[in-house]
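Everything on this sheet refers to the single structure shown next.
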Amino acid sequence: MDISACPYHSQLSKEFKPFDLTDPFPVYKKAREEEPVFYSEELGYYVVSRYADIQEIFRNWQVFTSENAQTPPKPVPDAVRQIMVEGGIVGLSGLSGRIPPDHTRIRRIVTMAFTPKRLRKLEPDIRALAIEMIEKFQDKKHAELVKELVYDLPAFVIFMLLGVPKEEVTQVKAWAISRMMLTFSDTSEEEQLFHARQVVKYWDYCKEMVARRKQQLGDDFPSDLVRLQQEGYEISDREIAAMCYNQLFAGHETTTSLMGNGIRELLKYRHNWEKLCADASLIPGAIEEILRFNPSVITWRRKATEEATIGGFTFPKGADILLLMGSGNRDEAVFENGETLDIERKNAKEHLSFGSGIHYCLGAPLAKLEFKIVLEELTQRIPNLQLTPDQTFEFAYNTSFRAPVALEVEW
Ligand code: HEM
């Protein structure tokens, strides 16, 4: 038997480090060229790297369900599971881990609350916040942009959207980190126990948030969902709380990462930054290209509900699948010179970074709006921004969310 042709024993399986996101792109390229589907022994997942295959799996929700998208990637120790079961968080999902008909019903109602009108309402506040944060470091001549701008900004925006009071922000952020560690990282049992307890508190907080809105409606996203429920739309309190539970998470780290990756790449390939300083109308296209070139959600998950063949590879029933959007986005079959950042690329928007099909990211317009505002303000206020030389970039240890932990800049 030619062992190199076997997805279970491939060289790639050894080279692929699912939790180490420092520089996954060379292995992704090798996978696309040599073994577009291989089995990761470390993860127990089939790994898919070509654009067409990823897109087909995303779109075929009947066969490739998203039900595993929010489950921890490795088996959960009994003691951790018990905390999660008792806390009511096993199988909890807002939308991304749900399937039709529940998914269709809830997504329709959530779309009615998450409208362009609500985004337009947020825009001046987002700009004011971005300006306030930039002005704090503008005269210093150097900054650590993750800490001083891109970590907090999307968190504050999502808190505005959800109507979380300022004094609760720090606590909620800490819970959201535990939520990420539990669902996407590879941690010791002791750490998992800690995170599971934190996540239960976070879930309790979300349930209470709905209860508070039922006492007194406000001008925010959960209140809009409660209003729709009161008008007769079929969405339960638990489903509204689950939306808040996920929204806090879905809308924070992802957007922080988009901005961290984006500013880093633009400054690294500086002619792109200079183009934006000279012509702000290029910013929306640049954001699409950054999403393509270096997506903040670099992988996502699906499970095969039956045996199915994609791109010539047959997935067994029950197969857990890891989709490498960070790889599909550089597939030469779709993107010419895919390994190069080109902010004027015509088809950048075809990237897979927000998924595809029925689960396509609901927050995409908000994430892009936030980054557009930040880039408009930064390019105008600090055009001579550059990366501080000789820094090494670290990336959080997890399967899906890739962004530098810190980003030192100077001007
Ligand atoms: C750059 C920022 C973001 C990225 C890269 C991103 C990426 C993704 C991805 C990959 C999915 C799964 C798609 C699939 O399974 O087909 C998703 C779903 C989702 N995202 Fe985002 N996201 C971002 C920002 C946001 C924001 C700001 C929000 C909310 C405020 C949000 C809310 C959601 C929701 C609710 C879903 C589930 C949709 C469904 O299952 O129907 N995301 N996102």
Side-chain angles (χ1 to χ4, degrees), residues 94-96 98 102-133 150 152-166 168-169 172 176 206 209-210 212-237 239-256 258-259 280-281 283-285 287-288 291 296 349 353-377:
L95 276 173
S96 75
R98 288 184 187 269
D102 275 354
H103 176 268
T104 322
R105 171 179 58 81
I106 299 171
R107 181 157 171 138
R108 187 172 144 248
I109 299 167
V110 170
T111 309
M112 291 163 77
F114 200 58
T115 54
K117 191 171 148 212
R118 187 148 288 292
L119 286 198
R120 277 197 300 277
K121 258 188 168 174
L122 281 176
E123 182 165 357
D125 292 338
I126 301 176
R127 192 172 298 277
L129 187 63
I131 293 172
E132 188 192 322
M133 293 175 90
V150 306
D152 282 340
L153 187 126
F156 285 126
V157 172
I158 213 80
F159 292 137
M160 283 179 209
L161 181 77
L162 293 180
V164 173
K166 273 215 163 85
E168 292 169 12
V169 162
V172 175
C206 292
M209 189 189 245
V210 178
R212 282 197 238 163
R213 297 304 181 283
K214 293 195 116 170
Q215 301 269 313
Q216 189 174 12
L217 287 169
D219 183 14
D220 52 40
F221 172 77
S223 297
D224 284 352
L225 289 177
V226 170
R227 260 186 215 103
L228 288 163
Q229 183 197 54
Q230 289 172 348
E231 284 167 23
Y233 288 94
E234 200 195 332
I235 185 162
S236 67
D237 290 359
E239 287 162 349
I240 297 175
M243 266 322 292
C244 298
Y245 174 83
N246 275 301
Q247 203 85 326
L248 274 170
F249 173 73
H252 179 200
E253 304 286 339
T254 50
T255 313
T256 293
L258 167 67
M259 299 199 276
S281 72
I283 289 176
I287 294 175
E288 297 298 344
L291 280 158
S296 39
K349 227 179 168 167
S353 306
F354 291 122
S356 185
I358 64 163
H359 291 285
Y360 184 83
C361 175
L362 264 182
L366 177 60
K368 290 195 261 187
L369 174 67
E370 288 177 45
F371 195 24
K372 177 172 162 284
I373 292 171
V374 163
L375 281 180
E376 283 169 356
E377 296 303 328

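Side chain of Arg98 to backbone of Ile106: no donor-acceptor contact under 3.5 angstrom is found. Remark: the backbone N or O of Glu234 is paired with a side-chain donor or acceptor of Arg105 at under 3.5 angstrom. Within the 3.5 Å criterion, the main-chain N or O of Leu291 finds a donor-acceptor partner in the side chain of Ser353. Side-chain N or O atoms of Ser296 include one that pairs as donor or acceptor with a backbone N or O of Thr254 at under 3.5 Å.
Taking every heavy atom of both residues into account, Cys206 and Cys244 meet most closely at SG-C, 4.2 Å. In terms of heavy-atom proximity, Lys368 sits nearest to Ile287 at O-CD1, 3.8 Å. The shortest heavy-atom contact between Ala280 and Pro284 is O-CD, 4.1 Å. Closest approach of Arg212 to Pro165, counting heavy atoms only: NH1-CG, 4.2 Å. Contact record, Arg118 with Phe221: NE-N, 4.2 Å, taken as the closest heavy-atom pair. Of all heavy-atom pairs spanning Arg107 and Tyr360, the tightest one is NH1-O, 2.8 Å.
For the pairing with Leu153, the side-chain contact (heavy atoms from CB on, under 4.5 Å) check across Glu132, Met133, His252 returns one residue only, Met133. Among the candidates Asp219, Asp224, Asp220, the single residue satisfying the salt bridge (Lys or Arg N to Asp or Glu O under 4.0 Å) test with Lys121 is Asp219.
Ion pair Glu376/Lys372 flagged as a salt bridge, since at least one NZ, NE, NH1 or NH2 atom sits closer than 4.0 Å to an Asp/Glu carboxylate oxygen.
How far CD1 of Ile240 is from NZ of Lys214: 6.5 Å, rounded to the nearest 0.5 Å. Atom CZ of Arg127 is separated from atom CD1 of Ile373 by 5.0 Å, given to the nearest 0.5 angstrom. With values rounded to the nearest 0.5 angstrom, Thr111 atom OG1 is found 8.0 Å from Leu95 atom CG.
Annotation: side chain of Pro222 is in contact with side chain of Leu162 (closest heavy-atom distance under 4.5 Å). You'll find the side chain of Gln229 reaches within 4.5 Å of the side chain of Asp237, heavy atoms only. Taking 4.5 Å as the limit, every side-chain heavy atom of Phe114 sits out of range of all side-chain heavy atoms of Met243. At least one side-chain heavy atom of Val226 sits less than 4.5 Å from a side-chain heavy atom of Gln230.
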>> Would Arg213 and Leu225 count as a side-chain contact (heavy atoms from CB on, under 4.5 Å) here? Give the steps.
In response: CA-CA 10 Å; Arg213 297 304 181 283; Leu225 289 177; over 6 Å; no

> Between Leu122 and Leu161, is a side-chain contact (heavy atoms from CB on, under 4.5 Å) present by the stated rule, with each step listed?
Replying inline: CA-CA 8 Å; Leu122 281 176; Leu161 181 77; 3.9 Å; yes

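Heavy-atom neighbours of Arg227 CZ from other residues, nucleotides or ligands within 6.0 Å: above the threshold of 12. Annotation: Glu168, atom CD; neighbour count of heavy atoms from other residues, nucleotides and ligands within 6.0 Å is above 12. For Glu231, the CD atom is densely surrounded, since the number of other residues' heavy atoms within 6.0 Å is greater than 12.
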